[in-house]
Amino acid sequence: MLLEVKDMHVHYGKIEAIKGISLEVAEGEIVTLIGANGAGKTTTLKTISGLRPLSSGSVTFDGKDISKLPGHKRVLAGIGQSPEGRGVFPGMTVTENLLMGAYTRTGDFSKDLDEVFELFPRLAERRNQAGGTMSGGEQQMVAIGRALMSKPKVLLLDEPSMGLAPMLVAQIFSIIKEINNRGTTVLLVEQNAQQALQLAHRAYVLETGRVVKSAPASELLDDPQVREAYLGGELGAH
Amino acid sequence: MGAFTDRVRDRWATAPGWQRWTVYVLLFIGALLLPSESIGHFMSPYSDWASVLFFPVGTYIVLAIGLNIVVGQAGLLDLGFVAFFAIGGYSMALLGTRLGLNFWEILIAGVILSAISGVVLGGPTLRLRGDYLAIVTLGFGEIVRQTAENTDAIGGPRGIAGIPHPPSIDGVVIFGVDIFHYGVLDPRPYYYLLVVVATLIIIFVKRWEKSRVGRAWAAIREDEDAAEVMGVPTFKFKLLAFAIGASIGGAMGVVWAGKTISINPNDFLFMLSATILAAVVLGGSGNIPGVILGAFLVAWLPERFRGLSEYRIMVFGAALVALMIFRPEGLLPSRRRKAELAEGTGGMGAMGAEVPDPQAHAEPEGAAK
């Protein structure tokens, strides 16, 4: 297993947000966490990337226990994240944003930049534009491209579809597929369950801090309970 | 004005190295020529111009450059910056009168002591963000002053008198000024010393700004969580910003106390922290020429209009409010700062932005139940 979370508990003050989540991500997979607002998806992701301390349980990455490792060292271990709300640096240009992604690395990044620009031709056109002046979709592209610049083994994506038009969502999802085809493992948090389940190999359904279901994504697409709760019930059948 | 500054900035960005260096050298010489009688009558009709140039003008400029590292570069709101100025001042006073060290030795000691105090303040508090950090630093500024006031061993409320001047080298006379004679009468040698110290600080700060450290600060200012997941050790770099800002404040404290002869706790009121912060924000937080301009105006305007007596502070306050309405990014903002403001983070990074307190985060989590 590339990434393994065992019985993870996370607290905000006295309130327990994550009540013992266990999940696994194997190399080469796309795994998605779906669930409603407040189910603990973002917190789970933040805890894996080290932005939140866990109260108990463990996070193992690439065979090493990283539960106590600070966030910036997890980047070196091979975890790349596109954070919640994109987190593009507004005052930096697209290129500067991307180069921040390579902060932990040294050497020549022109090849890596070209690779990102090839995935997102839109960013190549706007490489000297300030991040803060770009549209939501473009910022999402910057956030994903920037995470790729650290050459991660696993890419954590926090709601890449948030606030985007349906056309753009489809485009972003096909690029995620492409990134995965090129060999990067993806852990995807989504509220847009329909799209996420079509893209992912496996999925976990989160409800108020617990995993209530885990199965191959295609099975969950046909699961009546999941359809009812996350895919708009019978309306989603069309 | 915006279009004009943009053009100047573009021209500057593409200017070859020799042109830049010519401008730097001219600015340095210009700064040395400032305490001239010919402009003194206009610039400061009420008090001695050369003295005004040392304090408040020069002092505020150096302090603002120091605070700019913390507020402008790393985006940490520090309301207790005067504490480091005080620690530098008291280092000079105590080490000079009790141990008999000379100015240059104390300058080094003062810088180290202030840097340590910056780390001591930052270590436990830099896990806070935004308003919470501001309140803690505000407290720290007051703690330092109160401690000085209530410790009889360091003079209590009366402070320390008889602080030695820097050692003089007599006989180097240029244009009728004995430039290395640090006496009581002529403030100009102190001003020249200040210009040299300020120049060195600006060179260091500029180099940091362009390095990996500067990039890390910019990332922290703009989005701390994103910086952390980019692999920036955010805590370490915030601590470094505090330590460097503190040592600049401390260095200025030493230089200032070296001229002043006597200091007391009331030289280090919260008002000074607030004034320096006003200088940074007014001039264009994050941009050194802007910060220098801001500090100059904040220091010079009240001196220039001393004739208006009490009203001058009121007019000054109104001018600050007007500026923040019409030019919230400051007089000479950096281009990056403008983009940050456009994004709506307030252009101050963590200042007044998201604060990780348990309640605020718990609510959306609990809402689904």
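- Other residues, nucleotides and ligands contribute over 12 non-hydrogen atoms within 6.0 Å of the OH atom of Tyr24(B).
- Geometrically, Arg212(B) engages Tyr103(A) in a cation-pi contact defined by less than 6.0 Å to the ring centre and at most 45° from the axis.
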Determine, stepwise, if the pair Phe89(A) / Arg221(B) fulfils side-chain contact (heavy atoms from CB on, under 4.5 Å). CA-CA 9 Å; Phe89(A) 300 115; Arg221(B) 178 183 72 222; over 6 Å; no
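- In this structure, the side chain of Gln81(A) does not engage the main chain of Val229(B) through any donor-acceptor pair within 3.5 Å.
- The parts of Met92(A) that come within reach of chain B are both its backbone and its side chain, each placing non-hydrogen atoms under 4.5 angstrom from that chain.
- Interface residue Leu99(A): backbone and side-chain heavy atoms are both found under 4.5 Å from chain B.
- Scanning all heavy atoms of the two residues, the minimum distance from Arg146(A) to Ala226(B) falls at NH2-CB, 4.0 Å.
- Atom NZ of Lys46(A) is separated from atom CG of Asp225(B) by 5.5 Å, given to the nearest 0.5 angstrom.
- Only the side chain of Leu51(A) comes within less than 4.5 Å of a heavy atom in chain B; its backbone stays farther off.
- For the atom pair Glu222(B) CD and Asn97(A) CG, the distance stands at 7.5 Å (nearest 0.5 Å).
- In Gln19(B), the CD atom is crowded: over 12 heavy atoms of neighbouring residues, nucleotides or ligands sit closer than 6.0 Å.
- Ionic pairing of Lys73(A) and Glu228(B) is not present here: no N-O contact between side-chain nitrogen and carboxylate oxygen is shorter than 4.0 angstrom.
- If you tally non-hydrogen atom pairs under 4.5 Å between each of Ala102(A), Ser150(A), Gly87(A), Gly101(A) and chain B, the highest count goes to Gly87(A).
- Side-chain contact between Val232(B) and Met100(A) is present, with at least one heavy-atom pair separated by less than 4.5 Å.
- By the 6.0 Å contact criterion, CH2 on Trp12(B) is enclosed, its count of non-hydrogen atoms from other residues, nucleotides or ligands being greater than 12.
- With a 4.5 Å cut-off on side-chain heavy atoms, Phe235(B) and His72(A) do not count as touching.
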